[in-house]
Amino acid sequence: MAYRPHITDAQQVFTDDEIINLMPKNFIFIARLIKVENALNLIDAFGGTKVFIPKCHALNVQSELAQVIGFSKLQLLAEQLGNETIEVPMGTPITVAMRNRQIRELAKKRVSKESLARKFGVTLRSIRGIVNSEEKLPTRQDPNLDLFLSLIHI
């Protein structure tokens with residue numbers, strides 16, 4: 001069985017900003033609203049599915065959603081997205097980036113490419129590609145930032 005990093009361990013490997021940049025655009029607002037740790041818990045529990053966010057007056061402390069992210073964070077979600085359904089991403093870009101970082105670190109410690117391929121369940125070609133390439137995590141910049149920067153320079 002190949003080793004796969006667990007999504008909830010992402011904060012041990014990446015900063016919160018790096019994790020947010022690896023998330024789909026439509027989930028970034030939610031991750032910032034409920035904090036990255038809770039967003040990762042949400043991905044772990046409901047990744048790849050849709051989740052209904054009830055209105056504030058219909059919240060239940062015992063609901064599965066409240067158990068996963070906490071009641072106070074569920075209240076925040078309900079205030080912003082109450083009576084809406086959200087799509088929760090799988091988090092694959094995060095786990096792939098974690099895996100690739102681990103492969104690079106192990107390769108620096110002179111672990112053979114063959115054993116890395118067996119451990120992570122990928123081909124030798126993939127290992128060579130990961131080891132020979134530079135880590136490039138996506139960065140997103142707020143499109144409104146240019147507007148504010150231009151006002152500062154006026």
Side-chain angles (χ1 to χ4, degrees), residues 1-54 60-78 80-81 84-146 148-149:
M1 184 83 169
Y3 172 76
R4 304 244 183 256
H6 199 268
I7 190 77
T8 55
D9 295 333
Q11 286 187 300
Q12 296 172 8
V13 179
F14 300 117
T15 66
D16 286 356
D17 287 336
E18 288 173 328
I19 294 169
I20 285 175
N21 287 331
L22 289 165
M23 291 181 179
K25 287 180 182 179
N26 62 344
F27 198 71
I28 290 174
F29 171 76
I30 294 166
R32 287 196 172 125
L33 180 67
I34 65 172
K35 304 295 180 217
V36 171
E37 179 182 4
N38 295 309
L40 293 173
N41 290 337
L42 190 62
I43 290 170
D44 184 41
F46 299 103
T49 63
K50 291 181 179 182
V51 176
F52 178 74
I53 308 298
N60 182 354
V61 178
Q62 301 301 322
S63 72
E64 188 177 4
L65 194 53
Q67 298 297 315
V68 170
I69 64 172
F71 189 69
S72 63
K73 300 303 179 186
L74 180 55
Q75 286 176 316
L76 288 174
L77 271 179
Q80 297 291 320
L81 302 168
E84 296 286 328
T85 301
I86 61 169
E87 285 191 32
V88 181
M90 290 291 296
T92 305
I94 298 169
T95 55
V96 168
M98 289 169 60
R99 180 201 68 191
N100 292 352
R101 186 173 279 184
Q102 271 189 310
I103 289 171
R104 284 186 190 93
E105 288 172 3
L106 290 171
K108 286 178 187 174
K109 295 178 181 174
R110 305 261 188 237
V111 176
S112 74
K113 289 180 174 67
E114 289 80 8
S115 63
L116 289 173
R118 284 191 301 274
K119 177 178 179 163
F120 291 98
V122 295
T123 64
L124 272 172
R125 176 181 273 184
S126 296
I127 295 293
R128 283 193 303 268
I130 292 166
V131 170
N132 293 335
S133 67
E134 190 177 307
E135 182 177 54
K136 295 178 221 155
L137 296 176
T139 57
R140 288 200 179 95
Q141 196 166 2
D142 188 356
N144 294 327
L145 191 60
D146 291 341
F148 292 116
L149 288 176

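Note that these values count all heavy atoms, side chains included, but never hydrogens, waters or copies made by symmetry.
To the nearest 0.5 Å, atoms CD (Glu87) and CD1 (Ile30) are separated by 10.0 Å. To the nearest 0.5 Å, atoms CG (Leu116) and CZ (Arg128) are separated by 12.5 Å. Atom-to-atom distance recorded for Arg32:CZ and Asp16:CG is 10.5 Å, nearest 0.5 angstrom. Between the CZ atom in Arg101 and the CD atom in Glu135 there is a gap of 4.0 Å [rounded to 0.5 Å]. Taken from NZ in Lys119 to CG in Leu106, the straight-line distance is 5.5 Å, to the nearest 0.5 Å. Here CD of Gln80 is found 12.0 Å from CD1 of Ile34. Values are rounded to the nearest 0.5 Å.
A donor-acceptor pair is defined here as one N or O able to donate and one able to accept, closer than 3.5 Å; no such pair exists between the side chain of Arg99 and the backbone of Phe120. Remark: side-chain polar atoms of Gln67 are paired, donor with acceptor, to backbone N or O of Val61 under 3.5 angstrom. A donor-acceptor pair under 3.5 Å is absent between the side-chain atoms of Asp44 and the main chain of Leu40, judged by distance alone.
Val88 approaches Ile43 most closely through the heavy-atom pair CG1-CA, 3.7 Å. Nearest heavy atom pair, residue Ala39 against residue Met23, reads CB-CE, 4.1 Å. Of all the heavy atoms in Ala97 and Leu22, the pair that sits closest is CB-CD1, 4.0 Å. Pairing each heavy atom of Ala10 with each of Ile94, the nearest pair is CB-CG2, 3.6 Å. Nearest approach of Val68 to Asn41, heavy atoms of both residues: CG1-O, 3.4 Å. Smallest separation of non-hydrogen atoms from Leu65 and Leu74: CD2-CD1, 3.5 Å.
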Candidate pair Val36 and Gln11, rule side chain to side chain contact (heavy atoms under 4.5 Å, CB included), full reasoning: CA-CA 8 Å; Val36 171; Gln11 286 187 300; 4.0 Å; yes
Pair Glu18-Asn21, side chain to side chain contact (heavy atoms under 4.5 Å, CB included): steps then yes or no: CA-CA 5 Å; Glu18 288 173 328; Asn21 287 331; 5.7 Å; no
Steps toward side chain to side chain contact (heavy atoms under 4.5 Å, CB included) verdict (Asn38, Leu42): CA-CA 6 Å; Asn38 295 309; Leu42 190 62; over 6 Å; no
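More than 12 heavy-atom neighbours from other residues, nucleotides or ligands sit within 6.0 angstrom of CD on Gln75.
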